[in-house]
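Each remark here refers to the structure printed beneath this line.
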Amino acid sequence: MDKLSVEHLLGIKYLNANDIDLIFKTADHFKEVINRPIKKVPSLRDITIANLFFENSTRTKLSFELAEKRLSADVINFSAGQSSVKKGETLIDTVNNILSMKVDIVVMRHGSVGAGVFLSKHVDAKIINAGDGTHEHPTQALLDSYSIREKLGSVKGKKIVIVGDILHSRVALSNIFALQLQGAKVKVCGPTTLIPKYISSLGVEVETNLKKALEWCDVANVLRVQNERMDINFFPSTREYTQLFGINKDILDNLGKKIVIMHPGPINRGVEITSDVADSDDSIILNQVENGVAVRMAVIYLLAQQIKR
Ligand code: NCD
């Protein structure tokens, strides 16, 4: 049987093109499963998964939980806000206590860069990174590429522009790695203050003119401005940001071609994208959410195959 080259899913950086291929083929199967009247398979009846969310989440947490339940795994959930983390417990102590309840896989979102890698070196469980600070969000990038593949037939050779707050976005970095692995061309577009200086070393071009970026691309992946990660003003006002980098129907109508619109959510309607664009036929935002469950089922299933039972 085909196997992943990694023991954990810590970042797209650690995957190769075959891994992505295998995840997508497995996700194709699970997408068919979740569209059946009985949306469940018994594959992981003997596996227990803990979802540890030290940072807020709606889609990602629900999507992982649903993916786990549709594979028939036992699931426990933990949100830092309501936990003993507030009483001073360390991350390793928290996780080791949870693991002593016989947990096999940990899905973790954490505010610190590298939290997943750190955990994978100190505890005996499979780790899936559900977002580590401003660093990586591998399952989001996988579901984004999977959705492009579904809409356009393939990712290879496609031109994708990522628009918005590249500096603070884990979705941006994981997408850049995933898209390049699959042979897509990637540009980023946003205020220069929100574009990291190292971006050219990743082979990514910067286009600060939104109209030019959209004229170039097949797909625009639009990101939210991550205000919660900013301690200074990176641009003068939200109104100015929207004027220069907001995507509206007028801009798209004047392109003279159709492009695919994506967004990982949560959307700030009227800031980075208008409602008529987010809800239009060009938008695959809700397909991304649907595909998230199938892609996460695939990742969990493939990692669980490596567990000795
Ligand atoms: C993203 C995240 O949390 O990194 N959302 C998500 O997982 N769907 C993007 C964001 O918060 O803007």
Side-chain angles (χ1 to χ4, degrees), residues 9-13 27 51-68 77-81 107-116 127-148 160-179 188-191 194-196 219-230 234-235 238 241-242 245-247 261-273 277-278 283-297 299-300:
L9 181 65
L10 301 173
I12 301 290
K13 179 167 73 186
N51 298 316
L52 312 187
F53 279 73
F54 294 88
E55 249 191 21
N56 294 346
S57 172
T58 309
R59 263 157 301 272
T60 305
K61 190 160 179 278
L62 291 177
S63 178
F64 267 111
E65 193 173 340
L66 210 51
E68 293 152 4
N77 288 305
F78 161 100
S79 295
V107 174
M108 182 171 74
R109 170 167 286 192
H110 200 282
S112 300
V113 169
I127 311 293
I128 299 178
N129 178 8
D132 61 329
T134 57
H135 184 219
E136 279 228 40
H137 190 353
T139 54
Q140 180 69 44
L142 290 168
L143 75 89
D144 288 345
S145 286
Y146 186 84
S147 304
I148 294 172
I160 289 92
V161 63
I162 307 174
V163 185
D165 181 357
I166 314 299
L167 183 66
H168 299 102
S169 171
R170 50 195 173 207
V171 177
L173 189 61
S174 287
N175 259 277
I176 290 168
F177 290 143
L179 291 166
V188 294
C189 177
L194 290 178
I195 295 182
V219 178
N221 196 349
V222 188
L223 304 178
R224 181 178 68 88
V225 173
Q226 310 254 316
N227 285 313
E228 74 277 20
R229 299 193 201 278
M230 297 182 188
F234 284 80
F235 48 86
T238 302
Y241 180 88
T242 301
F245 299 102
I247 299 201
I261 301 292
M262 304 175 69
H263 195 306
I267 296 176
N268 283 151
R269 287 177 182 261
V271 179
E272 70 271 12
I273 192 168
V277 173
S283 154
I284 57 165
I285 296 172
L286 292 178
N287 304 69
Q288 290 173 259
V289 179
E290 180 186 346
N291 289 334
V293 177
V295 167
R296 290 184 173 110
M297 285 173 82
V299 167
I300 295 164

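Counting starts at 1 for both ligands and their atoms, following the listed order.
- Scanning the protein heavy atoms around atom 9 (C) of ligand 1, the nearest turns out to be Gly265 O, 3.4 Å.
- Scanning the protein heavy atoms around atom 8 (N) of ligand 1, the nearest turns out to be Pro264 O, 2.9 Å.
- Side chain of Glu136 to main chain of Ile12: a donor-acceptor pair is present (N/O by atom type, distance under 3.5 Å, no hydrogens or angles).
- Close approach to Arg224 involves these atoms of ligand 1, each under 4.0 Å from a residue heavy atom: 10 (C), 11 (O), 12 (O).
- A donor-acceptor pair is defined here as one N or O able to donate and one able to accept, closer than 3.5 Å; such a pair exists between the side chain of Arg170 and the backbone of Gly133.
- Under a 4.0 Å criterion applied to the non-hydrogen atoms of Arg59, ligand 1 contributes the atoms 8 (N).
- Within the 4.5 Å cutoff, no side-chain heavy atoms of Val225 are placed close to those of His168.
- Numbered from 1 in the order shown, with element, the atoms of ligand 1 that lie under 4.0 Å from a heavy atom of Arg109 read 2 (C), 3 (O), 7 (O).
- Counting the atoms of ligand 1 from 1 in the order shown, those under 4.0 Å from a heavy atom of Val171 are 1 (C), 4 (O), 9 (C).
- Of the candidates Arg170, His137, Gln288, the one placing a heavy atom closest to atom 7 (O) of ligand 1 is His137.
- For the atom pair CG of Asp132 and OG of Ser174, the computed distance is 8.0 Å after rounding to the nearest 0.5 Å.
- Taking every non-hydrogen atom of Thr60 and a distance limit under 4.0 Å, the qualifying atoms of ligand 1 come out as 6 (C), 7 (O), 8 (N).
- The shell of residues lying under 4.0 angstrom from ligand 1, judged by heavy atoms, excludes Gly131.
- With a 6.0 Å cutoff to the six-membered ring centre and a 45° limit on the axis angle, Arg109 does not count as a cation-pi contact of Phe53.
- Without hydrogens or angle criteria, Thr242 side chain to Val271 main chain gives a donor-acceptor distance under 3.5 Å.
- The Pro266 neighbourhood of ligand 1 comprises atoms 10 (C), 11 (O), 12 (O), with distances under 4.0 Å to a heavy atom of that residue.
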Chi angles and distances behind the side chain to side chain donor-acceptor pair (under 3.5 Å) call for Asn51, Glu68: CA-CA 10 Å; Asn51 298 316; Glu68 293 152 4; 2.8 Å; yes

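- By the criterion of a heavy-atom distance under 4.0 Å, the side chain of Gln226, and not its backbone, is placed next to ligand 1.
- Close approach of ligand 1 to Gln140 is summarised as follows: ligand atoms under 4.0 Å from at least one heavy atom of the residue are 6 (C), 7 (O), 8 (N).
- Within a 6.0 Å radius of CG in Asn56, no more than 12 heavy atoms belonging to other residues, nucleotides or ligands are found.
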